[in-house]
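Scroll down for the structure; my scribbles are underneath it.
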Amino acid sequence: MLVYKYRGGSFTRDLESITEDYFWAPTRQHLNDPCEGLCSKALLAQQLDFINSVLAPKQHTEKSFKALQAALYEFFGFTDKAGIYSLSKSPFEELLWAHYSCSHTGFCIEYDLEKLLEFEAQDFIKIDVLYRETPPKLSIDDLTTREASSAIQKILGTKPQSWNYEKEIRIITPAIGRHDYDFRALKTIFFGLRMPEDEKQQIMKQLQGRGISYKQIILSKGTYKLSAIDIQDPYQNTKRYKYSIAPIATHAIMHEHTKECFKEYSKYLYKAAEIVRREPYCQAIELVQFSHEKSTPENPVVLVQYKRKEYRWVNHYLSLPEIDELYLKVDDITTPLNSPYNHQCK
């Protein structure tokens, strides 16, 4: 799914965030709607009072009720301290350009939402904002699921009906502040109608080598509607951003331990390793084998496990057709297939 972030008001700040591949998630208290988090807890209070009145005579249940209260306090503490990154479902909303992109002088970022969420491997929550005429009412039922998703929706994902033009999607983060993302999550930059030309050029220069598309927002002829036209990237033939070839551990590929039914496909282990070692965030390939969980004799799947950073490993799965397709795009093989690698992990 593609989502959009409108930026403006501080070009230096916004350029830094897209150059360094991060977004900033503030608490709800720092957002521009004073009704953020507004919901009625009266029903919840009545339900808790009833539970307490039923359990009060039974001394052995007192601890359980206090534990319930503590869990509620902890949950409400989370909603107060959680970060919120607000996004939209459209890059063509005139009011969003006016409000969040400094009267059309800023720009709009297009993200691949799934790619944006996966990088930090934290407990991010995606919420489609609901728009209502009245504040939602919290009840015990909203808190019965393990993730308390209904309560989070009501507290952090519900806004007054008057905000519905934003078509908002939110990423809820367990901590406020900076969150890094895979640079490939950023797919396109839309330049505003009034964005200065020198700032457009700065963005394209700073983001060179990342495969980003650029578009110029325009007014559709004879209408009030916004649309976009493509802009050629003047730096499209420059060196790829974060390009590297990671080492492969000495014993990462042990094809002699491959099951008999997969041995005829052994060359795919080496091909997969060559593909994944060129992943921008791969520090070292540590394991390459046919996946025990995902493979069948008719459809083998290769598992490549690589180190992304200290104490963080990533499992990358590739089918044989995917390997064939991606391997054709590798244009810098320096060692023959199935031969010992020159670059080994120490």
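Because the structure is a prediction, the values reported are computed rather than measured.
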For [X] and [Y], take the angle between the two ring planes, folded into 0 to 90°, and tell me which bin it lands in: parallel under 30, tilted 30 to 60, perpendicular over 60.
X      : Y      : result
Tyr165 : His99  : perpendicular
Trp97  : His104 : parallel
Phe11  : Phe107 : perpendicular

Cation-aromatic face contact Arg308/Phe119, 6.0 Å, 45 degrees: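 Yes, a cation-pi geometry holds between Arg308 and Phe119.
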Cationic tip of Lys271 above Tyr327 ring, under 6.0 Å, 45° of axis: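 Yes, Lys271 and Tyr327 form such a contact.
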Would a distance-only check, ignoring hydrogens and angles, find a side-chain to backbone donor-acceptor pair under 3.5 Å from [X] to [Y]?
X      : Y      : answer
His257 : Ile253 : no
Thr105 : Met195 : no
Arg210 : Tyr241 : no

Is a side-chain donor-acceptor pair under 3.5 Å present for [Y] with [X]?
X      : Y      : value
Asn315 : Tyr306 : no
Ser220 : Ser227 : yes
Tyr4   : Glu110 : yes
Gln201 : Glu197 : yes

Indicate yes or no: does [X] engage [Y] in a salt bridge with an N to O separation below 4.0 Å.
X      : Y      : result
Lys89  : Asp128 : yes
Lys200 : Asp198 : no
Glu310 : Lys307 : yes
Arg170 : Glu168 : yes
Glu279 : Arg184 : yes
Arg13  : Glu16  : no
Lys187 : Asp112 : no
Lys137 : Asp142 : no

Quick check: closest heavy atoms across [X] and [Y], and the distance to 0.1 Å?
X      : Y      : result
Ser90  : Tyr6   : O-OH, 2.6 Å
Val330 : Arg278 : CG1-NE, 3.4 Å
Gly37  : Arg28  : CA-NH1, 3.8 Å

Glu166 and Tyr100: CA distance, side-chain angles, deciding distance, side-chain hydrogen bond (donor to acceptor under 3.5 Å, both in side chains) verdict: CA-CA 11 Å; Glu166 291 191 337; Tyr100 299 116; 2.5 Å; yes
Ring centre gap for Tyr181 and Tyr111 strictly below 6.0 Å: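 For Tyr181 and Tyr111, the ring centres are under 6.0 Å apart.
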Flag side-chain contact, heavy atom, 4.5 Å: Asn32 against Trp163: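 They are in contact (side-chain heavy atoms under 4.5 Å apart), so the answer is yes.
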CD (Gln161) with more than 12 external heavy atoms under 6.0 Å: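 Check passes, neighbour count above 12.
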Neighbour count above 12 (heavy atom, 6.0 Å) for Arg194 CZ: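 No.
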